[in-house]
Amino acid sequence: MKTGIIGSIIGLTALLGGILYLNNEAGLIQGGHTPCSEPLTYRIGDIDERFGINEADLKQLMAEVSELWAEATGNSVIIYAENGSISVNLIYAEQQLLTDSEQQFRDRLRAEEQSISVAEREYLRMNQRFKEMESEYRQDSNRLQNEIQELNSWVNRMNEEGGFNEREVEIFESRKQDIDQKTAGLNRRALLLQQEAERLNSTIDQLNRRIDQKNILINEYNQTFTGTNRFTQGSYENIGNVKRINIYQFSHRDELRLVLAHEFGHALGINHVDNPESIMYNLMGNQNMSDLSLTAEDIDALKKICGP
């Protein structure tokens with residue numbers, strides 16, 4: 001079972017392995033008996049400790065897989081036995097190393113995206129505050145300009161009428177002093193606005209650089225973990241008297257359960273089906289891993305193998 005090329009980050013399509021070796025006619029398991037006439041037996045084989053899964057965990061997952069296939073027939077078709085005919089092995093190989101590296105890369109991308117989101121929100125807050133400050137500055141500047149015009153008009157009118165008396169000079173000086181103070185305040189605010197604008201420009205430049213860097217990381221991710229870097233997650237092997245299911249890589253518990261269910265489907269004699277949501281489809285991605293269930297296509301394929 002192999003993956004298709006992934007077009008975008010986070011939505012990576014994993015893959016299910018399905019190497020099925022049958023040396024007899026379709027619908028027969030080696031040994032000469034009809035599939036499902038008696039349950040397949042399995043045992044726990046080798047478990048590499050680097051997966052972080054112990055024997056009890058794997059037995060629990062296998063119990064869920066067994067129940068899943070049993071629901072379709074009303075009978076147990078897969079059961080645990082101390083000396084079961086099929087060994088279930090978790091083999092930590094290059095595939096899992098790649099999966100672990102991929103997960104670390106994903107975590108790095110998520111952390112970068114979250115950090116960028118925080119920075120974007122801060123920029124938006126700064127930009128909103130800048131717009132408010134700029135709007136207030138323009139309003140106060142316009143009011144001051146009106147005051148200056150009114151004062152100039154009054155001065156011109158008084159000059160035309162013969163000049164100022166002592167009281168009018170005091171009024172003029174007071175109004176001029178007030179205007180000078182407001183002008184100085186506006187000049188300080190203009191300087192602060194200029195500094196804030198430079199901060200905003202610097203912030204957006206940094207954001208753009210970080211977004212560019214994130215896009216570089218995404219391209220690196222896609223080049224590293226998609227395309228030609230395809231591999232098999234698991235396989236069912238039936239060679240001579242040796243039957244085994246080997247799992248080479250998985251990202252989480254639900255994915256491991258899906259891979260096990262798929263490989264045991266092969267062990268029952270089922271080939272791939274056409275529904276992308278089916279457990280026995282040749283690609284992962286559309287199955288509901290958290291609430292795994294057989295589709296009509298899975299059930300029909302099982303019934304064809306097991307008979308009435």
Side-chain angles (χ1 to χ4, degrees), residues 1-3 6 10-21 39-70 76-111 220-221 224-226 229-268 279-280 283-285 287-292:
M1 195 176 206
K2 296 185 177 179
T3 182
I6 301 162
I10 313 300
L12 190 66
T13 300
L15 41 134
L16 292 167
I19 302 174
L20 179 59
Y21 298 92
L40 294 178
T41 61
Y42 70 90
R43 67 184 186 276
I44 303 301
D46 297 327
I47 301 176
D48 193 302
E49 62 182 11
R50 285 174 289 183
F51 282 107
I53 297 285
N54 58 34
E55 184 172 338
D57 294 332
L58 188 54
K59 282 183 178 180
Q60 176 58 41
L61 277 170
M62 280 305 309
E64 296 172 18
V65 168
S66 300
E67 179 64 24
L68 190 68
W69 285 109
S76 294
V77 291
I78 305 166
I79 61 173
Y80 172 79
E82 193 78 20
N83 297 308
S85 62
I86 303 173
S87 66
V88 179
N89 308 287
L90 303 187
I91 300 175
Y92 196 102
E94 181 182 353
Q95 291 93 329
Q96 187 63 34
L97 289 172
L98 187 62
T99 293
D100 290 347
S101 297
E102 178 194 355
Q103 187 59 52
Q104 291 169 4
F105 211 122
R106 284 193 188 191
D107 291 343
R108 180 182 174 190
L109 277 172
R110 288 194 187 98
E220 183 181 344
Y221 176 95
T224 302
F225 298 107
T226 63
N229 291 303
R230 293 180 289 183
F231 50 86
T232 301
Q233 274 188 296
S235 66
Y236 167 63
E237 300 175 358
N238 181 357
I239 307 174
N241 292 321
V242 178
K243 302 175 184 177
R244 55 179 171 248
I245 287 177
N246 293 331
I247 306 299
Y248 302 108
Q249 65 90 206
F250 54 89
S251 299
H252 47 77
R253 185 184 186 279
D254 289 343
E255 185 174 290
L256 173 57
R257 179 176 54 188
L258 174 56
V259 177
L260 287 167
H262 180 94
E263 298 309 333
F264 265 98
H266 284 310
L268 288 165
I279 288 174
M280 295 310 298
L283 297 175
M284 285 175 59
Q287 298 89 348
N288 185 352
M289 292 190 194
S290 62
D291 187 19
L292 195 62

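All figures in this text were calculated on a predicted structure; none of them were measured in a lab.
We find the CZ-OG distance between R244 and S235 to be 8.0 Å, quoted to the nearest 0.5 Å. Note that CD1 of I245 and CG of L260 are 7.0 Å apart. Values are rounded to the nearest 0.5 Å.
Within the 4.5 Å cutoff, no side-chain heavy atoms of F250 are placed close to those of L258. At least one side-chain heavy atom of Q60 sits less than 4.5 Å from a side-chain heavy atom of R253.
Judged as a salt bridge (Lys or Arg N to Asp or Glu O under 4.0 Å), and not counting sequence neighbours, the contacts of D107 are R110. Among residues two or more places apart in sequence or in another chain, the salt bridge (Lys or Arg N to Asp or Glu O under 4.0 Å) test is passed with R43 by none. Take E67 and apply the salt bridge (Lys or Arg N to Asp or Glu O under 4.0 Å) test, not counting sequence neighbours, and it matches no residue. Annotation: side-chain hydrogen bond (donor to acceptor under 3.5 Å, both in side chains) contacts of N89 (sequence neighbours excluded): S87, N246. Applying the ring pair (Phe, Tyr, Trp, His ring centres under 6.0 Å) rule to F264 yields the partners Y42; only residues at least two apart in sequence or on another chain are considered. Contacts of S85 classified as side-chain hydrogen bond (donor to acceptor under 3.5 Å, both in side chains), with partners at least two apart in sequence or in another chain: T41. Here D57 pairs with nothing under the salt bridge (Lys or Arg N to Asp or Glu O under 4.0 Å) rule; sequence neighbours left out. With sequence neighbours excluded, the residues satisfying side chain to side chain contact (heavy atoms under 4.5 Å, CB included) with D254 are H252, R257, M289, S290. A search for side-chain hydrogen bond (donor to acceptor under 3.5 Å, both in side chains) contacts involving R108 returns nothing, not counting sequence neighbours.
Across A261 and V65, no two heavy atoms sit closer than the pair CA-CG1, 3.7 Å. Contact detail for I53 and L58: the closest heavy-atom pair is CG2-N, 4.0 Å.
Of the possible donor and acceptor atoms, none in the side chain of W69 sits under 3.5 Å from a partner among the backbone N and O of S76.
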- [ ] Start with the C-alpha distance between K59 and E64, add both sets of side-chain angles, then the distance that settles salt bridge (charged side-chain N to carboxylate O under 4.0 Å, His left out), and finish with yes or no.
- [x] CA-CA 9 Å; K59 282 183 178 180; E64 296 172 18; over 6 Å; no

Open item on the list: Quick one, I91 with I247, criterion side chain to side chain contact (heavy atoms under 4.5 Å, CB included). Give me CA distance, side-chain angles, the key distance, then yes/no.
Closed with: CA-CA 6 Å; I91 300 175; I247 306 299; over 6 Å; no

Open item on the list: Using the rule given for side chain to side chain contact (heavy atoms under 4.5 Å, CB included), can you reason through I86 versus L40, listing the C-alpha separation, both sets of side-chain angles and the distance that settles it, and then say yes or no?
Closed with: CA-CA 8 Å; I86 303 173; L40 294 178; 4.1 Å; yes

Task: From CA spacing to verdict: side chain to side chain contact (heavy atoms under 4.5 Å, CB included), I279, L292 - done: CA-CA 8 Å; I279 288 174; L292 195 62; 3.9 Å; yes

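Residue N54 qualifies as enclosed at atom CG: its count of foreign heavy atoms under 6.0 Å is above 12.
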